[in-house]
There are 2 protein chains.
Amino acid sequence: MTARDLLIESTKRLIWERGVNATSPGAILNASGVGQGSLYHHFSGKPALAAAAAASLAADLQAETDRMLGGDEPSPLAKVRAYVDADRDALRGCRLGRLAFDPGRDGGVAAPIAAYFTELQRTLTQLLDQAVTAGELADSTDTTAVATVIVAGVQGGFVLAALTGDPRAMTDTTRGLQVLLQNAMTSHAPRPRNQ
Amino acid sequence: MTARDLLIESTKRLIWERGVNATSPGAILNASGVGQGSLYHHFSGKPALAAAAAASLAADLQAETDRMLGGDEPSPLAKVRAYVDADRDALRGCRLGRLAFDPGRDGGVAAPIAAYFTELQRTLTQLLDQAVTAGELADSTDTTAVATVIVAGVQGGFVLAALTGDPRAMTDTTRGLQVLLQNAMTSHAPRPRNQ
DNA sequence: GTCTATACCGCGATAGAC
DNA sequence: GTCTATCGCGGTATAGAC
């Protein structure tokens, strides 16, 4: 493994554990076993290295969600349900979401993260639209709102689990999201509104 | 205002803006106009000051939610709906939730925050239980899951808004949560007067 | 109680040898 | 390309005068 790759891999791991701001070049050099000169040879400085690591993390997550939400096999709704129920290490936090309020999240780091979440929200909305077309969900379903609350719910599950130290915050949250999807299904279509 | 209070108020403001780890004693002294000696006279160090500020922030939020969820006037479900639709400055983040992955969130800071969220989740669950008893929600409602996904959804809305720079992430999320509550209502329940 | 002066250390980066 | 040596700066805290 080249020094450049070692630096990126170590930075990715440290960013997941402590965030960008709290990850120092010294810690990265320690973790990677690379000398200081290599860092500043391959990158202009810490911000550039952090940006490269963030882009790689975003690519990793993108690949994982693609594997879960792509393909033609299960129904659109089943894919969304699978995303909600995916295995998550609740206490470690989302590799990207945990950086939302990290002071080290400058432009270079922020861009790939924003792109990942925008794309995830778009993909889920499309799947929900397909589920409506396929008759899996009621016609009246607000697919944008449902897709957003799913992504937000998962991120908030990570936040609550970390804050309380209790991973059940995540499982309770995803159970609530499944209730939302269940009640949106056509067999349980919303009752007529009185008015 | 005493020096001690000035220090706590300035620290609260800076913690909201940058988090605990990225708030230095120097910045606090600058913001408060207090001398360095006063800080270390009233507090053993930065961790103790941060803990006092976190406790004060938690008390502020507790008072705000008490005002919204307490009293006997509106129905239990209407209170929960009001919490979901409360005014929020999405891009600034939740004063407490944004600290979930802050490396400076040590035991002294973490405890009052965890207590606030545990209590909020408990209160919402109770209100939802009352709503079931009152016939506002279906008997089969998983009140723990719904309460948790509401708290998590709001926190995740903050996260997504910050990550994408778009406050609509919060409004889309709360709309999704209202759909969840709407679909959990019983057909015979009186509808809330707002929306 | 509050102030200024001082100290120590690690962060982030540069210089220049090999 | 990689290494070690060095630098300036700010974070965090202590000392001691007033």
Side-chain angles (χ1 to χ4, degrees), chain A residues 1-57 98-99 101-111, chain B residues 1-57 98-99 101-111:
Chain A
M1 215 179 195
T2 151
R4 191 193 150 92
D5 291 340
L6 281 170
L7 286 166
I8 292 184
E9 287 308 310
S10 297
T11 304
K12 285 169 66 178
R13 196 157 29 80
L14 288 170
I15 282 181
W16 193 359
E17 291 168 9
R18 323 178 190 172
V20 174
N21 194 53
T23 295
S24 69
I28 295 169
L29 297 178
N30 259 335
S32 62
V34 165
Q36 203 155 6
S38 296
L39 196 165
Y40 290 97
H41 172 72
H42 290 291
F43 301 95
S44 63
K46 171 182 163 175
L49 173 52
S56 181
L57 282 171
R98 65 162 295 151
L99 303 179
F101 301 106
D102 189 319
R105 187 181 125 271
D106 63 348
V109 172
Chain B
M1 218 182 195
T2 149
R4 190 193 149 91
D5 292 338
L6 280 172
L7 287 167
I8 290 185
E9 287 308 311
S10 297
T11 304
K12 287 169 63 177
R13 196 156 32 77
L14 288 169
I15 281 181
W16 193 0
E17 291 169 9
R18 321 178 192 174
V20 175
N21 194 53
T23 295
S24 69
I28 296 169
L29 297 177
N30 258 336
S32 63
V34 165
Q36 204 155 6
S38 295
L39 196 166
Y40 291 97
H41 172 75
H42 290 291
F43 301 95
S44 61
K46 172 183 163 175
L49 173 51
S56 182
L57 282 170
R98 64 163 295 149
L99 303 179
F101 300 105
D102 190 319
R105 185 181 127 271
D106 65 347
V109 171

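Naming: A, B, ... by sequence-line order, numbering from 1 per chain. Worth knowing before you read on, the calculation uses all heavy atoms, side chains too, and leaves out hydrogens, waters and symmetry mates.
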Notebook entry, point to check: Which parts of residues 40-52 of chain A get close to DNA chain D, meaning a heavy atom less than 4.0 angstrom away?
Noted result: A:His41, A:His42

Margin query: Heavy atoms within less than 4.0 Å of DNA chain D: which residues of residues 15-37 of chain A have one? Give them sorted by number.
Written below: A:Val34, A:Gly35, A:Gln36, A:Gly37

Notebook entry, point to check: Hey, where on DNA chain C does chain A first and last touch, going 5' to 3'? Cut-off is any atom under 4.0 Å from a heavy atom.
Noted result: C:dC11 to C:dT14

Which heavy-atom pair separates [X] from [Y] by the least distance, and what is that distance?
| X | Y | result |
| --- | --- | --- |
| A:Ala53 | A:Lys12 | O-CG, 3.7 Å |
| B:Arg4 | B:His42 | NH1-O, 3.8 Å |
| A:Tyr40 | A:Gly45 | CE2-CA, 3.7 Å |

Between [X] (side chain only) and [Y] (backbone N and O only), is there a donor and an acceptor less than 3.5 Å apart?
| X | Y | answer |
| --- | --- | --- |
| B:Arg98 | B:Trp16 | yes |
| A:Asp102 | A:Asn21 | yes |
| A:Ser56 | A:Ala52 | no |

Margin query: Could you measure the distance from the CG atom of B:Leu39 to the CG atom of B:Leu6? Nearest 0.5 Å is fine.
Written below: 11.5 Å

Checklist line | Within-4.5 Å side-chain heavy-atom neighbours: B:Arg105 and B:Val20 | finding: no

Next item on the list: Answer yes or no: is there a side-chain heavy-atom contact under 4.5 Å between B:Asp106 and B:Val109?
Entry: yes

Item checked: Candidates B:Ile8, B:Leu49, B:Val34 - the one meeting side-chain contact (heavy atoms from CB on, under 4.5 Å) with B:Ile28 -> B:Leu49

